[in-house]
Every structure is written in structure tokens, then in C-alpha cells.
Amino acid sequence: MKSEVKPLVNLNINPCKMCMPMGSATAFYGLKNCMTILHGSQGCATYIRRHMATHYNEPVDIASSSLTEQGTVYGGSENLKKGLKNLIELYHPEIIGVMTTCLAETIGEDVPGILQSFLEENPGYRDITLIPCHSPGYGGSQYEGYFAALFSIVSSIKMDAGKNDMVNVITAPISPADTRYLKRMLSLFGIDAILLPDLSDNLDSAHDPHYNRLPHEGTDLARLKQMGGARFTLELTAFHHKNSVGEYLYETYGVPYERLSLPVGLRDTDAFLDALSRISGNEIPKEQKKERGRYLDAMIDSHKYHSSGRAAVFGEPDLVYSTVRMMCECGIMPVVCGVGSACPELDGLIRPELENLAGLYLVDEYKIADKADFKDIEDMVLTYKANILAGSSDGRRIAEDLHLPLVRRGFPIHDHVGGQRLKMMGYEGSVEYMDEIANQLIDTVETTFRETLYNTYYKDTAIDHKKVPESAEEIMKRKTKEHPCYNCQAHQFARIHLPVAPACNVQCGYCVRKFDCPNESRPGVTSAILSPEEALKRYLSVKEKMPNLTVVGIAGPGEALENWENVKKVFELIRKQNPEVTFCLSTNGLKLPQYAGELKELGVSHVTVTMNAVDPHISGQMYQYIRFMGREYTGDAAGALMVANQLAGIRLLIANGILVKVNIVTVKGINDSHVPEVVKIVKSLGCFITNIMQMIPVKGSALEHVEPVSNKQLNEIRKQCEEIMPQMYHCQHCRADAVGTLTDDKSIQLKGFLGEEKQVFVPVSKSYRFAVASKSGVIVDTHFGHAKEFYLYDYRNGEVRFAGKRNVEQYCQGEEECGEKEDKIERIIAALNGCNGVIAMRIGMEPTKKLAKLGIKPVNTYDMIEDAVKKAAEAM
């Protein structure tokens with residue numbers, strides 16, 4: 001038997017980094033008249049020259065000591081000395097950066113000792129500054145190599161400690177274009193700065209027909225020597241480095257220093273300009289204030305596009321850190337943040353940014369990783385569903401494979417020209433960066449929306465010429481997607497409840513079934529009981545008016561399985577008319593084991609089981625009695641029978657491929673602390689979703705005086721249970737004859753199609769004023785706690801007249817506040833001063849008490865406003 005071969009744990013498949021000498025060479029290129037030599041093999045120098053030349057589009061010369069096998073065995077000092085001699089004779093440099101490679105470090109070459117020996121042997125070269133730089137490829141990435149070179153420069157040069165008025169500015173790796181931005185800002189504030197390094201011209205030079213072997217621009221040696229006497233050091237990097245130039249100059253020469261992040265985005269550019277103002281004693285120029293205003297305006301222009309961004313950011317630590325902060329400011333959610341370097345402090349610096357934005361966008365998962373390679377990053381992009389990439393062109397293969405846009409920043413950029421001119425610093429550079437991201441997001445939408453629309457609405461449909469028959473699994477997925485109770489995104493689809501089941505085999509403690517009650521909106525109420533034939537007629541009539549009607553449900557008003565013959569006949573009649581319709585059924589589960597198989601045969605795909613407990617003792621407290629097989633049970637016996645049948649029935653439904661939703665009615669003091677246990681059990685059975693519901697106190701029920709759990713408490717239970725399995729948050733407590741979408745019930749408008757007689761009202765001689773909670777201004781369709789305005793109606797001698805509107809602060813603001821803010825209730829009730837009654841679809845227990853104390857009659861109803869006002873006047 002073959003063993004599974006796994007890659008080594010530390011294997012980098014496609015590293016998101018380059019070697020230390022690459023960064024060191026880049027840093028040395030910021031010095032005037034400086035030449036670099038690599039103590040190692042020729043291939044190392046070729047590798048660096050190739051990368052730098054293709055990124056910066058400038059000629060890059062790097063010498064090599066050309067270590068061979070002999071030098072590797074016996075030492076390479078002679079090779080390095082010969083290389084230095086040749087370099088000096090050809091280039092005549094003022095400074096030479098001597099970088100080590102893996103090979104030189106592995107054989108233990110004493111480079112500083114070799115350089116000292118070289119100068120002793122060649123006294124004519126003592127005016128040339130030789131700078132050894134410890135930069136083995138295995139010692140870190142180009143990022144560490146860059147800072148190692150900067151430290152080597154300041155620690156190797158003999159400083160003039162005499163005090164001067166200059167300011168040292170040390171930068172993390174940035175583009176030549178961003179270097180020019182720094183120089184412009186320093187000049188704008190009148191600061192004489194020593195910039196280390198200065199890549200602005202050496203790696204992005206003006207056209208010159210004559211080739212210069214040495215970099216003729218950059219920071220010269222004379223100014224470098226004055227760094228020890230400068231009045232201040234500004235270190236532009238977000239990270240503390242062991243090779244900190246600022247710390248070295250402070251500890252060695254007493255130069256005070258400050259470390260700031262790169263000036264990218266609003267906050268960090270503000271901090272940078274404030275620092276320049278403080279250092280120089282000059283105010284921030286008006287032009288920069290205007291640039292800031294333009295940046296704010298650009299943020300506003302793009303926010304609607306940025307909000308869709310889920311970004312993967314990769315590259316060197318300072319690039320990733322600054323990009324993430326800018327993205328979070330602009331509303332782009334970074335879901336993957338990866339650096340190739342070892343940088344554990346990155347997580348602590350950017351996690352607060354991500355947590356804040358993730359909380360606003362309801363993003364549950366994102367990833368911060370150091371020492372990552374591109375295989376890791378690609379896996380994370382897929383896992384966390386990134387839709388845009390930001391980083392070097394080494395990420396282009398991920399972009400190509402996953403068809404994602406790549407916004408190029410950092411080093412290297414090989415597949416585009418202009419990498420050296422890309423900006424990200426300052427308000428202007430941040431705008432360019434931000435606009436490029438927004439435009440990529442827009443382009444993605446513009447180039448893919450037709451395919452998305454096709455796949456969403458047309459693929460494999462009747463109008464698709466490539467139609468493929470759906471599998472049973474695909475049919476179930478589609479039906480669930482179009483079922484508003486099982487999918488919170490399906491509000492555009494309508495359902496109809498057909499009230500054909502009046503009889504019930506249990507008496508719940510919170511239920512009173514009023515078959516003739518058209519003016520309440522809760523489970524168990526209906527305007528009429530229909531025969532199977534009338535139910536078919538109602539379905540066909542509504543389907544004609546509502547083409548988006550996808551679901552037919554039986555939800556009482558009693559127990560569906562206690563009225564099996566009627567229920568079965570309704571499903572059979574409708575199936576003949578529409579083979580594609582989704583059948584749904586609600587049950588208390590007592591008879592579920594008996595009928596689970598038949599439900600499958602009838603094509604019922606979704607079943608809701610109301611199961612309030614899995615503990616028989618708790619379950620028994622929820623019912624006054626149950627009737628089963630000709631006998632009546634109460635207490636623990638009733639609870640045990642209910643729980644056993646519900647669990648058995650659910651197992652049978654799931655075994656038959658039927659999707660199960662479990663409703664749990666939460667009653668304070670009985671099962672409120674038991675709900676998570678119910679959720680755990682039904683999750684283990686394979687149920688799809690649970691709907692934790694608030695008990696509605698109904699007058700005349702056994703539990704009418706039990707105070708319901710508050711919305712805040714209910715949502716705390718839901719949040720706790722959401723860690724176990726998906727929760728339903730959009731339940732509307734639908735009636736047994738509900739019609740329409742969940743957010744727009746049409747049962748009131750469509751009643752009367754069977755010819756019910758309109759109620760005759762006996763005029764009342766007195767006059768009253770009523771405040772009506774309504775979204776539409778036509779129907780009483782809003783809960784008291786959800787109302788943002790009340791319509792005022794006057795009733796006089798049988799006539800109803802509109803008297804205006806009063807805006808109020810919505811009492812229920814969501815899970816954190818609803819039901820907890822006494823001052824809001826008081827303000828709302830104060831706004832209803834002068835009213836004799838309040839009419840709402842539902843009014844909670846606490847507001848009802850407060851209204852009654854003030855002599856304002858609360859009226860719960862679900863009706864046309866004019867009819868509701870007349871009935872309320874009669875009840876006064």
C-alpha cells in the first residue's frame with residue numbers, strides 16, 4: 001500500500017517575498033555615487049539586476065565577487081578584493097556597499113575584516129567609503145535586507161557630530177514617485193532634510209542620451225555624515241525594527257526621533273503633515289488643506305463602489321499595513337492580509353481596523369498571515385471570498401486563475417510599465433490608489449453582470465436552449481431559495497396559507513383559535529374555513545393576481561395532520577393544476593410519525609414543526625392537554641408523548657429528504673433557558689433552521705398574563721443559538737390565511753373573494769380621536785413598537801376623517817434597545833396626547849399598561865383603517 005506523500009511543513013511553494021540582498025541593493029541605490037557588490041556567486045547579482053531593471057525600467061549595475069567552488073572551499077577573500085579593485089577602476093565610486101549572500105554567510109566570511117585588509121593593502125583607496133552589509137538570503141526577505149542596509153550605512157559612516165538644523169527622514173521601501181512626494185512636502189514646509197534613501201532620480205531618472213555608470217543623484221556622502229548632528233529624525237515605518245536608524249542615531253549621537261506610519265490615507269497623511277508642521281514651526285499650507293478636501297470628496301464619490309470590495313492585500317509589511325488602513329477608511333473590507341516576511345506584530349496593528357469594519361459589514365471571517373506564500377494567499381482568497389487583489393505583480397497568477405482584478409502596488413511589477421511611478425502616499429497618491437481600486441470593482445461588475453444575471457435567472461430555465469433536467473437535489477435547492485420562510489433573501493416570493501384544518505389535537509397554553517377573526521395577525525386566526533374545492537379556487541385566483549406566488553402552505557388554523565383528508569385533497573387538487581408549486585406544512589408533530597411517508601408521496605418538500613422543548617417536564621408545561629389515540633393527556637405524560645413523537649417524526653421527515661424548520665415558542669419562566677438545548681438536539685437530527693419566536697399573550701389563553709420575553713432577550717437567545725445552527729430572524733407570525741410576501745401581506749385586500757358579506761356598523765354618536773400605526777396609510781399593518789409615525793383619524797357619528805400625522809421616534813430599534821428604553825415609550829405616549837385610542841397590529845404588554853393608565857384605549861387589530869376605526873369606536 002502506497003503512503004501518502006505530503007510536502008515538507010516549511011516548504012514555500014511560491015514565496016511572497018525575495019531575498020535580503022534585493023532589499024539591500026535597493027537601499028544602496030538611494031545614495032549618490034554609490035556602487036554595490038555582492039560577495040557571492042554571479043547568479044545572485046543577475047537575479048537582482050533582472051528584477052530591478054524590469055520594475056524600474058532603468059539600467060542597474062551590481063558587481064559580484066563571483067565565488068566559485070574553490071572560493072567556497074578555501075575562502076573568497078581574494079575574489080572579493082579583486083572584485084573591489086575592478087569595480088573601483090571601472091566606476092570610480094565614492095561609496096561601495098558590500099553585501100553578503102547565502103554562500104558567503106554559510107562559509108563564514110568575515111567581510112568587515114576583508115574590507116579592512118583591502119584598505120591596508122590599497123592605501124590609495126582610503127578615501128572610498130566601504131560599507132559592509134550583513135544580508136544572507138536565508139536571513140529574511142528583501143524587507144529586512146532594506147533596513148539592514150540603512151543601518152549599515154549610518155553605522156559605518158563616520159559622522160560629524162556637530163549640531164546642524166537638518167532633519168533626517170528615514171523611509172520604508174517606497175516608489176521613486178512617492179519619494180518625490182516626500183521631498184516636495186519637506187521643501188513646502190521649509191525643512192532641510194537628509195533623505196535616506198533617495199530613490200527619486202536614480203531609479204526613475206530623466207532621459208539622458210549619455211549613460212552614467214554610477215547613480216549621479218540621491219543622498220551624497222557629505223550630507224550622510226551630517227545625520228549624527230541633525231536636530232531630529234523622522235522614521236516613516238509602522239514597525240519597530242531591530243535595525244532602527246532612528247534608535248541608533250538617538251543612542252549614539254542623541255538625535256531625538258519619532259516613528260510614523262507611511263503617509264497613506266486620511267489619518268496617516270494628517271499625522272505626517274502635523275509632524276512636519278510641528279518640526280518646522282510652519283502651518284500646513286492651504287494647498288494641502290485643499291488636497292485633503294479633494295480626498296474627502298473622492299471618498300464620498302467612491303463609497304458606493306468601495307462597499308462591495310472584499311480585498312486580499314499582500315506584499316511588504318508597510319505596504320500591507322498602510323493599504324489596509326486606507327481601505328478601512330474608504331469602506332473596503334480587507335478579508336485577506338498576507339506578508340511574506342516574519343512579521344507577527346502585523347496582526348496586533350491591523351486587527352482593530354478589521355474588527356471595526358467587519359462589525360459594520362457583518363463579515364464573520366477574515367485572515368491576517370505572516371510568512372505566507374502565494375499558495376497560502378490563493379487558498380485564503382477562495383476561503384474568505386475576496387473579489388479584488390492589491391499587491392505586486394507576483395499575484396497576477398492568482399488574478400488570472402480566479403478571474404479577479406489586481407491593483408498593482410509595491411515591488412516587483414514586471415507585467416506593466418510604470419511601477420516606479422505608482423503613487424500611494426499623501427492625499428493625491430491615496431486618491432489615485434483609491435480610484436484605481438474603485439474602477440476595478442466597477443469594471444468587474446460591468447463585465448460580469450450579464451453572466452451573473454444569466455446564471456441567476458435564466459440558466460437551465462425553460463427559455464435556456466441548453467436546459468438540463470434538474471436533479472432532486474437541485475429542485476430542493478431552488479424551492480428553498482424561493483421559499484420566504486426558509487430563505488431570508490426570498491422576500492420577493494409570495495406564499496399562500498390555505499385555512500382548511502380547523503380541528504386540533506392539542507391545547508397550547510398560549511393559543512386561542514378564532515376562526516372568525518379577520519382582525520388579528522398571528523398564527524391560529526383566519527377569516528373563514530375553506531373546503532378543499534374552495535381552497536383550490538382561492539389558490540388559482542391569487543396565483544392569477546400574483547405571478548410570484550411560489551409556496552402553498554397549510555398552517556391551520558388548527559393542526560394540519562388532525563385534518564388529514566382535507567389537507568391531502570388540497571395538495572392533490574393543486575398539484576394537478578401546477579406540478580411545480582412548492583408545498584409546505586406546519587404541524588405540532590404529534591401525528592408526524594404516522595404521516596411522514598405520505599407527506600413525501602404528496603410532494604411536500606418543507607415542513608415546520610413547532611417543538612418547544614426536548615425535556616418532557618418542560619414540554620408538558622406548554623400544553624393544557626393533548627389528545628392522542630382517543631385519550632387525553634396532561635402534564636409530564638403529555639410532554640413525554642409530544643417529545644417522543646416530534647423527535648421520531650422529524651427523523652422520518654429528514655430520512656425522506658424533506659427539509660425541516662423547527663419553531664420554538666419562547667415562554668418566560670418555562671422554556672426560555674431551555675431553548676439552546678432544543679436547538680442542539682434538532683441540529684443533531686439534521687434540521688435546516690430554527691425559528692425562536694416570542695410568545696404573543698392572547699386574551700383568554702392559559703398564559704395570557706405571562707409577560708413575554710423582550711425583543712432584546714429574544715435576540716440574545718437567537719445569537720447564542722446561532723453558534724449552533726442557522727436562525728430565522730424574519731418571521732412575521734403569519735395568520736392561517738396569509739397571502740402575499742412576508743413584508744406585504746395581502747390577506748385583507750383579497751378577502752371577500754368567496755362572497756363574505758361586509759360588516760354593517762352601527763354608528764356611535766360620540767366623537768373620538770384615534771392614532772393608527774400604519775406603513776401604507778391604508779391598512780393597520782404596523783406593530784406599536786415599530787411605528788415611526790401615527791395617522792390621526794377622527795370619528796364623529798359614524799364618519800371617519802383623516803386629521804393628520806404625528807412623527808415619533810421608533811420605540812424598537814433592534815436587539816440592543818428594543819423594549820429597554822423607558823424614555824422612548826414616554827416620548828411616544830406624550831406624542832399621542834389628546835387621542836382616545838391607539839390602533840396597531842400589535843401592542844406589547846408594557847405599552848398597553850402605560851396607555852391604559854392615561855385613559856388611552858389600546859386596540860390590537862389587522863384591518864382596513866376605516867373599518868378598524870369604526871370598530872374601535874364601537875368598543876369604546
Side-chain angles (χ1 to χ4, degrees), residues 517-522 525 694 696-700 704-705 707-708 710-711 732-733 745 748-749 759-814 817-876:
C517 182
N519 306 117
E520 286 189 71
S521 180
R522 61 174 176 82
V525 298
Q694 186 182 50
I696 303 169
V698 180
K699 188 174 181 180
E704 66 173 302
H705 298 298
E707 181 182 355
S710 70
N711 282 0
Q732 300 296 311
H733 295 88
D745 193 272
I748 291 293
Q749 294 96 318
Q759 184 172 347
V760 177
F761 296 99
V762 178
V764 180
S765 59
K766 292 185 178 181
S767 299
Y768 300 103
R769 170 162 287 186
F770 295 95
V772 181
S774 174
K775 293 192 292 274
S776 60
V778 177
I779 301 172
V780 183
D781 57 3
T782 304
H783 295 197
F784 178 85
H786 295 168
K788 296 180 182 178
E789 61 186 3
F790 285 91
Y791 290 81
L792 300 182
Y793 282 87
D794 288 336
Y795 177 91
R796 289 188 183 90
N797 301 323
E799 292 188 1
V800 179
R801 292 191 178 182
F802 177 67
K805 283 198 301 186
R806 287 186 187 171
N807 294 325
V808 296
E809 184 179 1
Q810 185 179 352
Y811 163 47
C812 179
Q813 296 284 351
E817 298 184 11
C818 194
E820 301 298 319
K821 301 295 183 182
E822 291 295 320
D823 55 338
K824 289 188 179 181
I825 305 178
E826 300 295 344
R827 288 199 297 271
I828 294 171
I829 292 177
L832 304 179
N833 185 37
C835 295
N836 303 104
V838 175
I839 305 172
M841 192 163 78
R842 190 172 302 132
I843 304 177
M845 190 173 286
E846 191 62 28
T848 295
K849 292 176 184 177
K850 292 182 178 292
L851 289 168
K853 282 183 181 179
L854 297 174
I856 301 174
K857 185 176 179 63
V859 179
N860 291 276
T861 189
Y862 178 62
D863 208 346
M864 306 297 287
I865 288 179
E866 184 174 348
D867 292 346
V869 171
K870 289 179 180 179
K871 292 174 186 175
E874 287 180 6
M876 296 293 285

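Positions are given from 1, in the same order as the sequence printed here.
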Taking all non-hydrogen atoms of both residues, which atom of [X] and which atom of [Y] are closest, and how far apart?
X: P858; Y: L851; answer: CB-CD1, 4.2 Å
X: V780; Y: A840; answer: CG1-C, 3.6 Å
X: Y791; Y: K805; answer: CE2-CD, 3.5 Å
X: V808; Y: A787; answer: CG2-O, 3.6 Å
X: Q694; Y: P708; answer: CG-CB, 4.1 Å

Query raised in the report: Under the side-chain contact (heavy atoms from CB on, under 4.5 Å) test, which residues partner R769, sequence neighbours left out?
Result: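 Expected list: L792, D794, A803, R806, C835, N836.
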
Query - Test item: I828 and F784 side chains (from C-beta on) under 4.5 Å apart, heavy atoms - result: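 Sidechains of F784 and I828: in contact.
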
Query - Test item: V800 and F770 side chains (from C-beta on) under 4.5 Å apart, heavy atoms - result: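 The answer is no, as the side chains (C-beta and beyond) never meet within the 4.5 Å cut-off.
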
Query raised in the report: Under 30°, 30 to 60°, or over 60°: which ring-plane class applies to Y793 and F802, parallel, tilted or perpendicular?
Result: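 Rings of Y793 and F802: perpendicular, as their planes differ by over 60°.
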
Query raised in the report: Okay, side chain of S767, backbone of R796: is any donor-acceptor separation there less than 3.5 Å?
Result: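 Side chain of S767 to backbone of R796: no pair is present.
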
**Report entry** E874 and K870 ion-paired at < 4.0 Å
**Finding:**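 Salt bridge between E874 and K870, a charged N being under 4.0 Å from a carboxylate O: no.
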
Report task. Please round to the nearest 0.5 Å and tell me the distance separating atom CD of E789 and atom OG1 of T782. Result ->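 Atom-to-atom, E789:CD and T782:OG1 are 8.5 Å apart.
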
Requested in this report: First locate atom NZ of K857, then atom OG1 of T848, and finally report the distance between them rounded to the nearest 0.5 Å.
Outcome: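 These two atoms lie 10.5 Å from each other.
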
